[in-house]
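Structure record follows, encoded as structure tokens.
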Amino acid sequence: MPSKAIVGTEVVDLNALAQQRRDALPKATTYELSGVEFTLPPIKALPFELQERVGDLDNTVGVLKDILGADKVREMYAAGFTFGDLELIAQEWQKRSGVEPGESQASAAS
């Protein structure tokens with residue numbers, strides 16, 4: 001049975017607006033550190049199911065595994081990446097994604 005709109009309520013079609021926002025996002029950025037090259041999409045372009053994991057990037061390794069794959073993360077391990085390197089990656093990724101450091105999960109999704 002099709003759903004009926006409640007009389008007096010407005011239905012807003014967000015498809016065109018959502019596409020405009022997606023089109024306005026920065027492009028993916030390729031980074032290089034210790035001979036390891038990797039490309040990260042803008043944070044706001046990540047699939048919704050990653051939103052909770054990204055948040056303020058407290059779980060950078062888990063997020064990188066989801067985005068880059070376990071093989072690329074193993075390459076980062078082998079290159080000797082440090083916690084400081086992961087922090088730098090997170091900061092630069094946020095900056096190039098147009099996300100302020102510490103921006104909340106809710107605002108990162110908007």
The criterion is side chain to side chain contact (heavy atoms under 4.5 Å, CB included); which residues satisfy it with Glu92, sequence neighbours excluded? Tyr31, Leu88, Lys95, Arg96

Is there any salt bridge (charged side-chain N to carboxylate O under 4.0 Å, His left out) pair reaching into residues 26-42, and which pairs are they, with sequence neighbours excluded? none

What pairs with Ala28 under side chain to side chain contact (heavy atoms under 4.5 Å, CB included), at least two apart in sequence or on another chain? Thr39

So how far is it from Leu33 CG to Ile89 CD1, rounded to the nearest 0.5 Å? 5.5 Å

Looking at every non-hydrogen atom in both residues, tell me the closest pair between Ser97 and Pro41 and how far apart they are. OG-O, 4.1 Å

Checking Ala78 now: which residues fulfil side chain to side chain contact (heavy atoms under 4.5 Å, CB included) with it, not counting sequence neighbours? none

Would Tyr77 and Leu86 show up in the same hydrophobic cluster when neighbours are defined by side-chain heavy atoms closer than 4.5 Å? yes

Taking Thr82 for its side chain and Gly84 for its backbone only, find out whether a donor-acceptor pair lies under 3.5 Å. yes

Using the test side chain to side chain donor-acceptor pair (under 3.5 Å), find all partners of Gln19 that sit at least two apart in sequence or belong to another chain. Asp23

For Leu68, which residues count as a side chain to side chain contact (heavy atoms under 4.5 Å, CB included) partner, sequence neighbours excluded? Phe38, Leu40, Leu64, Lys72, Met76

Do you know the tightest heavy-atom contact between Lys44 and Val99? CE-CG2, 4.0 Å

The reported gap from CG in Leu50 to CD1 in Ile43 (rounded to nearest 0.5 angstrom) is 11.5 Å

I'd like to know if the side chain of Trp93 reaches the main chain of Thr29, judged simply by a donor and an acceptor atom lying under 3.5 Å from each other, with no hydrogens or angles considered. no

My understanding is that only residues two or more places apart in sequence, or in another chain, count here; which of them pass side chain to side chain donor-acceptor pair (under 3.5 Å) with Arg74? Asp71

Linking directly or through intermediates, with side-chain heavy atoms under 4.5 Å: list the remaining ILVMFWY members grouped with Val12, chain and number order. Leu14, Leu17

